[in-house]
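Structure first, then comments.
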Amino acid sequence: MRQPGRGTSWLVGILLVVTLAMSAANLLLPADSPFYVSTYTITLMGKYLCFAMLAMAVDIVWGYCGILSLGHGAFFALGGYGMGMYLMRQIGDRGVYGNPNLPDFMVFLNWQELPWYWFGMDQFWFAIFMALLVPGTLAFVFGWLAFRSRVTGVYLSIMTQALTYALMLAFFRNEMGFGGNNGLTDFKDILGFDLQADATRVALLLVTTFFVVVTFLVSRTIVQSRLGRVIVAVRDAEARTRFLGYRTEHYKVWLFVYSALIAAVAGMLYVPQVGIINPGEFSPLNSIEVVVWVAVGGRGTLYGAIVGALLVNYAKTRFTALMPDAWLFALGALFVIVTVYLPRGLAGLFGRVIELVHRRPGRGKEQTTRDDGLSVAEVGA
Amino acid sequence: MIRIEKLNQKYGGTQILWDLDLNIEKGSCTCIMGRNGAGKTTLLKCLMGLLPASSGQILFDGKPIQQVAAQQRAKIGIGYVPQGRDIFPLLTVEENLQIGLPARRDGLRKIPERVFELFPVLKEMLQRRGGDLSGGQQQQLAIARALVIDPKVLILDEPNEGIQPNIVRQIGDVVTQLNQEDGLTVILVEQKLGFARRVGREFRLMQKGAVMAADKMSNLNDELIRQYLAV
Amino acid sequence: MRRDTTWPFLVTRRRPVDVSKNIILYLEELNVSFDGFKALNNLNLYVNDGELRCLIGANGAGKTTLMDVITGKTACDSGSAWFGQNIDLLAHDEAEIAGLGIGRKFQKPTVFEAHTVFDNLELSLKGYRGVWRALTARLSGRERDRIEEVLSVIGLEDARYQLAGALSHGQKQWLEIGMLLAAEPRLLLVDEPVAGMTAEETERTAELLTSLAGKHTVIVVEHDMEFVRSIARTVTVLHQGSVLAEGTMDQVQNNRDVIEVYLGEDA
Amino acid sequence: AETIKVGVLHSLSGTMAISETTLKDTVLMMVDEQNRKGGLLGKKLEAVVVDPASDWPLFAEKARELLTKEEVDVIFGCWTSVSRKSVLPVVEELNGLMFYPVQYEGEESSKNVFYTGASPNQQAIPAVDYLMSDLEVERWVLAGTDYVYPRTTNKILEAYLKAAGVAEEDIMISYTPFGHSDWQGIVSDIKKFGGEGKKTAVVSTINGDANVPFYKELGNQGVSSEDIPVVAFSVGEEELSGIDTGPLVGHLAAWNYFQGIDSEANEYFVEQWKAFIGDEKRVTNDPMEATYIGFNMWAKAVEKAGTTEVDAVEQAMIGIEFPNLTGGIAKMNKNHHLSKPVFIGEIQDDGQFEVVWETDGVVAGDAWSDFLPGSKDLIADWTAPIKCGNYNTKSKACSGQVQ
Amino acid sequence: MNALLHKLWSVAIVLLLLPTGSPLAQSEPAGISADSVLQQLPGASLKKTGELIGQLEQAGGAEMRPLFEVMLAGELYFIKESKQIIAITKTERRTYMGRDVFGGATLGEFTSREIKKIRVNNRLRSQLRETLARIDLLHGRKIAQKQAVLAMLDDLNEQNMRLLTVAQQGGVDGEVARLIDLAAAMVQLRDSRVSEERLEAIGIMTGQLEPAVRNQLQRLVNDAQEQDLAVRAAAQKALDKISERIEFFGQLEQLFFGLSLGSVLLLAAIGLAITFGVMGVINMAHGEMIMLGAYTTYVIQQLFPGAIAYSLLIAVPAAFLVSGSVGVLIERGVIRHLQGRPLETLLATFGISLILQQAVRSIFSPLNMQVVTPNWMSGSLVINPVFSVTYNRLYILLFALAIFAALVVVLKKSSLGLNVRAVSQNRDMAKAMGVRTEMVDAMTFGLGSGIAGVAGVALSQLTNVGPNLGQSYIIDSFMVVVFGGVGNLLGTLVGGFSLGVANKFLEPSMGAVLANIIVLVGLILFIQKRPKGLFPQRGRAAE
Ligand SMILES: Nc1ncnc2c1ncn2[C@@H]1O[C@H](COP(=O)(O)OP(=O)(O)OP(=O)(O)O)[C@@H](O)[C@H]1O
Ligand SMILES: Nc1ncnc2c1ncn2[C@@H]1O[C@H](COP(=O)(O)OP(=O)(O)OP(=O)(O)O)[C@@H](O)[C@H]1O
Ligand SMILES: NC(N)=O
Ligand SMILES: [Mg+2]
Ligand SMILES: [Mg+2]
């Protein structure tokens with residue numbers, strides 16, 4: 001039986017419709033119309049969707065393959081830096097010092113020339129290429145080393161954390177030539193379009209939505225293919241899978257690289273929309289937060305990852321404004337409550353609701369829950 | 001000694017035990033048989049308190065114990081040897097045996113010698129990790145471990161799975177010995193007819209989560225076997 | 001250092017096993033020890049192609065360890081293990097060995113619990129195991145038939161959409177045997193297949209294994225003597241990590257040593 | 001709108017909450033006070049507080065939220081430079097108005113931002129002057145947290161010291177990460193560096209959290225302020241309130257304000273603060289004064305302009321004067337930086353500073369340092385005809401950021 | 001022989017110097033009276049004050065001691081109106097109690113408006129301290145004497161030499177005598193023209209670790225004017241010898257730093273080794289347990305302001321109880337519901353850590369709290385001038401080891417240890433064996449959290465006590481536990497110390513940041529080699 005991605009395609013539809021409507025409302029309606037969507041909301045939505053992509057990236061490795069990565073922020077940030085470097089070079093001589101060759105932060109710290117790794121970053125295609133190549137290679141090398149040596153479980157998790165932590169420290173160093181703690185900022189335009197123009201922001205949102213949808217569809221294809229089932233098999237009984245002749249480390253490496261690339265693309269889309277990339281993105285706590293989004297949404301389901309990322313970040317936005325002094329209580333409580341009462345996250349809740357609505361006849365037995373909370377329906381989603 | 005009435009059990013939405021009744025006499029040695037998936041293990045787990053029953057009654061010495069937690073059931077004298085042995089893999093053999101000591105009612109805090117009399121191999125293996133033992137050794141350890149708590153009832157779930165013939169015999173002897181000399185009530189789930197016949201004095205046949213037949217072992221005839229045990 | 005080839009990386013991985021001498025498995029002078037404990041002790045064993053070999057021996061004699069060595073799970077301290085004339089098993093890892101056509105059923109049934117019975121079988125189907133292939137694989141009609149066939153052999157037709165995790169112990173045993181069948185390996189290593197099965201089922205398993213022999217080579221480890229007797233042609237008895245006796249069931253059964261360490265008096 | 005909205009963009013959680021929460025409360029206090037005085041332009045002020053949570057991209061998002069969703073008329077906010085850099089494009093895009101109250105590295109002047117904290121020439125250079133002349137320091141340890149403020153400040157100081165004839169080998173530079181907590185090795189190195197016969201001092205641009213373990217280690221390794229004094233630019237009364245100051249007596253800090261400075265205005269301010277926060281033990285510090293001056297100047301400018309409209313207020317701000325809490329008058333210059341006095345204080349055992357030196361008058365804050373090659377030709381001037389934050393006096397042009 | 005020569009030399013110096021005047025200017029030199037100097041003190045500039053102190057020493061000598069002491073303590077004020085100089089003690093109620101500087105008689109309370117402080121800065125303080133040292137050298141205790149002589153080594157002027165000689169004649173022994181001899185040798189090397197004398201002086205100076213010695217030798221070696229090649233060569237040799245010793249002690253110091261950092265890592269990780277290592281809970285709130293312990297220390301110090309010396313001793317059990325009970329609450333309230341879902345404990349405990357941080361922020365303010373270091377924890381154990389061991393680090397190192405030992409005993413000797421392991425390996429089976437699993441869970445989590453709290457007490461002595469305290473240790477803690485091997489306490493010990501030592505040995509050449517990065521990368525590579533950490537769980541079951 002093919003497991004259908006039932007009840008999930010609608011999510012893609014809703015996303016598309018909502019973002020298109022928002023974009024139209026922003027561009028076509030006058031600012032005083034009650035249906036006008038402010039650029040603030042557009043940008044916010046763009047950011048959320050980048051996070052949703054990142055969440056999917058984590059979910060693919062964690063939810064489906066049991067690789068709990070506490071360092072996916074690293075790939076996100078590397079992608080972001082790639083884009084940031086491009087945007088930085090686009091500033092050209094419009095920086096405060098008017099130096100056409102060096103970014104501002106290099107000028108006032110007395111750099112004499114552009115470090116070699118900045119060369120070519122003024123070409124969009126090259127920057128994108130590097131922004132994929134670097135995190136992809138890092139994921140490959142790290143994954144290859146780790147999976148080949150059969151580093152698993154918490155050991156792997158903590159190593160991913162060490163990885164992002166080491167990168168954070170490295171990028172903090174001003175000698176690295178990435179702007180140290182301040183990172184890269186003050187971008188002006190992308191591909192010749194003014195980054196501050198509403199139309200550019202809307203376009204960025206639409207591009208992001210496009211990538212979220214593509215990621216979703218591709219990932220869904222993957223997890224529903226036999227590959228997807230091998231991956232789940234690896235998660236549950238890696239040794240057994242190996243004895244069936246599957247080179248589990250290859251599966252893991254490629255999945256890890258795929259996931260890292262998604263994270264990198266998310267990072268690339270994130271930077272022009274929020275306007276800054278700095279080493280804070282490498283912080284291990286950031287990566288842990290991503291895992292938390294996925295868990296809240298329901299791991300092992302792609303749409304759960306999206307829903308979790310959107311919900312938690314929306315909650316954060318609202319709470320930090322509504323109760324600036326106490327929002328952490330609310331957010332913390334949310335995490336605790338979801339874990340205790342919704343073992344399969346929000347997706348599990350949906351799943352149950354949907355199940356109640358139309359119990360499907362003809363199935364030999366009902367869904368049975370494994371102790372880690374996965375069931376057939378969700379594994380396929 | 002143990003009386004089960006109208007026991008129902010579900011995994012999620014799937015019902016496994018259906019209005020199951022079972023009566024075990026004090027001092028008896030009862031063999032529960034049935035096909036794969038009939039619900040034998042499930043029944044024993046309910047009895048041990050490791051699975052919640054959705055309805056029904058379990059009486060131990062006349063007292064209802066559905067609400068009693070598993071650890072308390074160990075203390076009132078139910079010893080359990082699970083299917084698959086479930087040795088604590090990273091504890092040494094000695095530690096595996098010590099775990100049950102506090103549950104003894106007589107306050108003894110030393111592994112009783114009797115255990116080593118019954119299973120001399122264990123004495124040699126005291127300092128090895130339980131998980132490293134071979135299957136048969138683990139099985140012996142599992143029985144020994146259950147005996148440490150000085151139970152009144154001993155529950156064994158397929159104790160001979162994967163055990164070498166002479167030890168199967170030995171286990172059979174031990175069980176008989178415990179039952180007859182020490183007066184221990186024994187509940188045994190067993191698939192192998194030979195062993196069941198040799199050790200058990202009564203039988204219960206299960207099918208689809210219910211007890212279909214109960215009698216003295218001598219009355220287990222081919223007809224019953226074909227009806228309830230053949231595939 | 002590999003001596004069989006000068007440029008090992010040039011040799012394609014997939015070579016059909018060469019059984020021209022009619023022996024499919026050579027195990028020589030194998031030693032395995034754990035923390036000083038000798039699990040295998042200068043073990044020598046040869047298995048003919050197409051044979052159904054029973055391996056018996058006391059608990060802890062090293063039968064499972066032997067299978068671990070053959071399948072690449074455990075590295076041995078010394079000795080050699082060849083698959084046919086041409087393949088050095090010690091130079092390959094688990095996945096490669098499985099790819100060479102050595103399948104295994106574990107002593108403790110291990111199946112993919114989050115997958116349905118059907119998917120478990122699908123994943124076990126014989127075929128190329130590469131990542132890309134897995135991504136593009138579609139179940140062919142032939143493969144589907146094969147799965148149905150296996151399902152009926154193992155008696156789990158009704159449970160095909162059930163999660164394997166929800167099967168009972170015995171059902172898992174069957175499923176694992178099914179997975180082995182689906183993979184159609186050259187050499188089957190079956191560790192205690194009838195543990196937890198009823199007499200009837202035991203018989204069925206015996207039939208199944210006997211029917212496999214010839215086309216496949218089967219090594220069965222079992223403690224159920226009736227079962228062994230019903231299928232065995234050659235029986236090897238392991239004791240403390242080495243071969244104690246080998247021969248027909250009758251020979252073995254009357255061997256004093258075997259009776260003493262394994263079967264017990266009046267077996 | 002019937003109220004004038006004042007946005008407060010300070011972290012209330014995360015690593016910077018420790019410093020920034022105080023500034024949020026200061027703004028709230030100022031808003032209260034202003035409302036008690038009848039508000040501005042006949043309207044009440046309303047504070048809108050958000051929490052950017054020490055998360056730099058979140059600063060940008062929150063700034064946008066304040067400006068577009070809440071439509072605030074002015075923002076008081078940011079502490080770290082990176083947060084300011086993150087917010088900058090947003091306030092410029094949306095033509096907002098922001099007051100930044102913390103000492104910083106300079107090298108910036110935006111039409112939409114007023115910098116009321118010290119720039120390096122109002123803190124670092126006077127401090128080094130004091131050490132050189134009064135304490136006759138000959139060897140220098142420049143110790144900082146590895147980020148842009150210490151880097152820039154130390155670049156400037158290095159150039160300055162070398163210009164003053166200090167040899168290369170008499171300058172030791174050391175950078176540590178944020179929140180560095182194991183100072184054993186570095187303090188031991190400093191001790192060795194200072195033990196070579198010449199009077200040595202440490203110029204510390206070590207950031208907030210790393211200071212407690214740093215000073216503890218100094219104390220325990222027996223480095224006293226008499227052997228090797230430490231002059232810090234990021235350690236104020238608030239930071240000291242979390243440290244057992246006994247062993248630190250005599251170490252120094254350079255600021256534009258100390259709580260201990262005697263003046264009526266200051267006494268009133270301190271009392272008002274303690275009453276507002278409801279804690280007798282709470283202290284005041286330099287960024288609070290900077291907030292205080294900034295807020296009052298803004299209020300004056302709004303009155304002067306008769307509107308809260310950003311362009312009008314921005315022009316009105318220039319030239320506005322307001323009394324410092326420490327006496328004297330602060331003035332907002334054309335480059336959006338203040339003229340303020342500079343004080344050097346020594347730490348006392350009650351966690352307060354004792355002023356041991358002060359500049360004669362006020363020092364005008366430089367947006368662009370004279371000691372950095374890239375910026376020595378730049379000036380900022382937001383009045384006509386230049387109207388530019390980075391005007392090159394050589395090429396007579398305004399590079400890049402033309403408004 | 002040497003000693004004899006040396007004696008002679010000392011006597012010679014004394015004879016040489018005697019005519020210049022009595023070494024202690026007890027008598028008042030012409031015209032200057034202490035009183036008149038004192039009158040100039042109010043309102044004097046800092047520079048002027050320095051001069052005045054010199055004059056006061058000349059004029060008043062030992063009599064001025066109380067004045068100098070009050071001044072050094074920053075308690076010297078004058079009454080604005082009368083310009084009278086008084087000593088002031090600040091009271092708890094922020095009022096000012098005046099007393100007579102010399103007599104100590106109480107002069108009543110003053111308000112801050114009536115009086116003004118006589119300012120002292122660093123320079124004055126060190127001048128005062130040197131002055132006091134000079135006074136103390138003659139009638140001080142040994143420690144003061146030693147300090148005084150050490151201070152003088154840097155400045156061997158005539159006045160100081162005179163003082164030293166007098167002191168020596170007054171009878172000193174041991175360390176002080178050695179230092180005075182050293183001073184004499186240094187002067188001899190500097191002032192003598194006779195090659196042998198100078199060589200002999202170098203002989204005495206060889207191997208001495210006092211920085212002044214090294215500086216003088218260094219100067220001599222670098223001095224282009226120095227003609228005497230033999231002396232120069234000897235000086236170079238002496239310098240090399242000294243450098244060699246310094247190098248050795250430098251390594252020793254590095255090792256101690258490493259062990260100390262290791263002990264901090266161990267302390268931070270040890271609680272996690274239980275909650276995470278043994279129970280398998282990915283406890284993101286572990287750092288907050290440490291934080292609670294640190295805050296408990298703060299609260300204890302607030303509750304017993306009079307007993308700072310004992311505050312840490314009280315805080316240890318208190319912190320154990322506080323963090324332990326919070327741990328038990330968390331276990332009972334949340335973790336218990338997550339059985340069989342170990343990975344999700346990450347999510348819940350992350351939420352809890354946010355809540356605890358914010359709670360502390362709301363209750364105690366976001367500021368750092370001031371935790372006082374008791375006297376016995378401050379300062380350092382000076383082994384020689386280039387190697388000393390700070391007491392706080394030393395005690396914390398010992399404390400960490402003690403905690404570790406205690407924990408090992410608890411887990412090995414009590415049934416708790418056995419039960420925890422059994423529960424974590426097979427909960428159902430443990431239940432079936434009569435183990436009260438819920439109790440065991442709660443106790444274990446409580447134990448792990450309690451130990452984290454105790455670690456917090458120690459860390460409060462090293463770092464900020466603020467809401468972010470926990471966050472700064474959580475990453476390192478996980479790293480240490482994993483590096484050592486999950487579930488292995490000894491691994492945590494060895495892991496902590498080796499990471500600490502590695503870090504500290506890399507730091508001098510790499511800088512703190514790069515050292516840290518290299519250690520992290522090393523850790524990642526190490527785990528490739530040993531995927532289960534330093535001390536992996538072994539056996540079949542661990543696979
Ligand atoms: N965790 C579970 N979730 C859902 N269903 C389960 C679970 N465990 C067992 N079952 C189902 O319950 C039924 C009874 O299982 P049980 O283990 O009690 O059988 P059994 O009689 O002991 O079989 P065997 O002889 O094979 O051990 C089986 O059909 C099995 O599929
Ligand atoms: N990883 C390991 N670590 C330590 N000892 C081991 C390990 N694996 C196996 N052993 C030991 O090796 C011996 C042989 O074990 P093995 O499992 O091969 O026996 P077996 O013949 O399969 O027994 P059984 O019939 O009971 O399954 C046993 O004594 C076992 O304790
Ligand atoms: N601007 C500062 N102090 O970061
Ligand atoms: Mg069963
Ligand atoms: Mg075996």
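First the proteins, then the strands, lettered A, B, ... as listed; each starts at 1. Every heavy atom of this structure was used, including side-chain atoms; hydrogens, water molecules and symmetry mates were not.
The choice from A:I158, A:V151, A:L334, A:V336 that makes the most heavy-atom pairs within less than 4.5 Å of chain E is A:I158. Among A:Q161, A:M159, A:R150, A:R148, the residue making the largest number of heavy-atom pairs under 4.5 Å with chain E is A:M159. Top candidate by heavy-atom pairs under 4.5 Å with chain A, chosen from E:G511, E:P366, E:G351, is E:G351.
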_Could you walk me through whether A:F172 and E:I517 satisfy the side chain to side chain contact (heavy atoms under 4.5 Å, CB included) test, starting with their C-alpha distance in whole Å, then the side-chain angles of each, then the deciding distance to 0.1 Å, before giving a yes or no?_
CA-CA 11 Å; A:F172 261 128; E:I517 294 175; over 6 Å; no

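Of the atoms belonging to E:I352, heavy atoms from both backbone and side chain fall under 4.5 Å from chain A. Only the side chain of A:L70 has a heavy atom closer than 4.5 Å to any heavy atom of chain E. Of the atoms belonging to A:W327, not a single heavy atom falls under 4.5 Å from chain E. Contact of E:I335 with chain A is not made at all, since no heavy-atom distance falls under 4.5 Å. With a threshold of 4.5 angstrom between heavy atoms, E:R530 does not approach chain A through any atom at all. For chain E, the nearby part of A:L68 is the side chain; its heavy atoms alone come within less than 4.5 Å. Heavy atoms closer than 4.5 Å to chain A are found in the side chain of E:L525, but not in its backbone. Looking at A:R173, the atoms closer than 4.5 Å to chain E (heavy atoms on both sides) all sit in the side chain, from C-beta outward.
Among residues 283-295 of chain A, the residues having any heavy atom closer than 4.5 Å to a heavy atom of chain E are, in sequence order, A:P284, A:L285, A:I288, A:E289, A:V291, A:V292, A:A295. Contacts with chain A (heavy atom to heavy atom, under 4.5 Å) involve these residues of residues 480-500 of chain E, listed by number: E:V482, E:G485, E:V486.
Nearest heavy-atom pair across A:T339 and E:L338 is O-CD2, 3.7 Å.
For E:M439, the CE atom counts as loosely surrounded, since its 6.0 Å shell holds 12 or fewer non-hydrogen atoms of other residues, nucleotides or ligands. Residue A:Y117 places its OH atom among more than 12 non-hydrogen atoms of other residues, nucleotides or ligands, all under 6.0 Å distant.
Considering CG of E:L520 and OG1 of A:T164, their distance stands at 10.5 Å, rounded to 0.5 Å. Rounded to the nearest 0.5 Å, atoms OG1 (A:T152) and NZ (E:K532) are 3.5 Å apart. Residue E:I475 holds its CD1 atom at 7.5 Å from CE of A:M168, rounded to the nearest 0.5 Å.
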